Structure formats: C-alpha cells, structure tokens
Amino acid sequence: MKSSKKAGIVILFVLGMSIFGYSQYVSASQIGVSISQSELLNEDDKGSNYNVELQFENPSLLVLTAGETEFFVISNDEIIGKGNLESFTLQPLDSSFVKGTFHTDANSGESHSVKISGVTKYDLLVTSIDVPFVYYPTEEQAREFIHQN
C-alpha cells in the first residue's frame, strides 16, 4: 500500500506542476506592451530612424528572459517599419522598459490604423517559448511614434 500512496503522490505532483506550468504559459502569452517613448534620430529620402522604448508587463509568476526581439510597425495591413529591441528580463508580476530602434520607409505615407507586432523568444529553465505580441497604439500615440503631422 505504501508504494501505491507514493505513486499517487507522484502523479498528483506531476499533474499539479503540469497545470501550474500551463497556467503560467497562458499568463506569459498575455504580456502587455505599450509605447513609453519614441525619438526621431534622422530622416532622409530612404526613410526615418527612431529610438524607441516599449514597456512590457509580465502577468505570470515566471522570470522571462528574452533575446533580441524583432518587431514590425504595420499600418493599413502594410509593413511601414521594422525594428529591434535589446535583450531584456521580465521579473514575475513586474514590468520592464526595453530600448530599441526602428526604421520606417520614406513612402510610408499617412496611416489610419497602426499596430506594432513581433515575436519574443523567452528562455526558461528547461525550454523556451515564442510569445507573439501585438499592440494597437491610440491615434495620438501612433502619430507621435512615427512622427506624422
């Protein structure tokens, strides 16, 4: 009987850890992103270059470390800019400000609806997960972000 109790405890432990792991994966998939700063560096006939700072909010209980992250600025279903964010670490239930750069094409034109989209790879102890993020800035934030008049 003692071995069946031990097996039951092990099964319950594995089941509990699986449920916890899945719930944290779902939480990590809900990472929030917002623009905290955007600065025009230079502008020429090829396009514009910017420094940017995004704020990531971690709703999970996991420490998430991310390598360099590529993101896209999309307007009216067209990619109008592409950028990179520095490596960063998100502490559990905390937020981090992440610096990066991005470039927009000279012909990006007037935008009506802007979205920032990317995939961040987070390295965990035994695995890594790819978490997509999409952020829809307000019209005012979008204008400021890509410095349109």
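Because the structure is a prediction, the values reported are computed rather than measured.
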Show me the side-chain donor-acceptor pairs of residues 91-98 shorter than 3.5 Å, one per line, residues at least two apart or across chains.
{"from": "S95", "atom 1": "OG", "to": "Q55", "atom 2": "NE2", "distance (Å)": "3.2"}
{"from": "S96", "atom 1": "OG", "to": "T89", "atom 2": "O", "distance (Å)": "2.9"}

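Between the side chain of D44 and the backbone N or O of G47, at least one donor-acceptor pair lies under 3.5 Å.
Under the side chain to side chain contact (heavy atoms under 4.5 Å, CB included) rule, Y50 has a single partner from N42, L41, T104, which is T104.
Taking the salt bridge (charged side-chain N to carboxylate O under 4.0 Å, His left out) definition, one finds that E70 meets it with K82, sequence neighbours left out. Under the side-chain hydrogen bond (donor to acceptor under 3.5 Å, both in side chains) criterion, T101 pairs with no residue, sequence neighbours left out.
In this structure, I80 and F72 have side chains that are not in contact, with every pair of non-hydrogen atoms separated by 4.5 Å or more. Under the 4.5 Å side-chain criterion, counting only non-hydrogen atoms from C-beta, S48 is in contact with L40.
For E86 and K99, the salt-bridge test fails: no basic side-chain N is under 4.0 Å from an acidic carboxylate O.
Between atom OG1 of residue T69 and atom CZ of residue F88 there is a gap of 4.5 Å, rounded to the nearest 0.5 Å. To the nearest 0.5 Å, atom CD of residue E53 and atom OG of residue S38 are 10.5 Å apart.
The shortest non-hydrogen separation linking F56 to L90 is O-CD2, 3.5 Å. What you find for V52 and L85 is that their closest heavy atoms are CG1-CD2, 4.5 Å.
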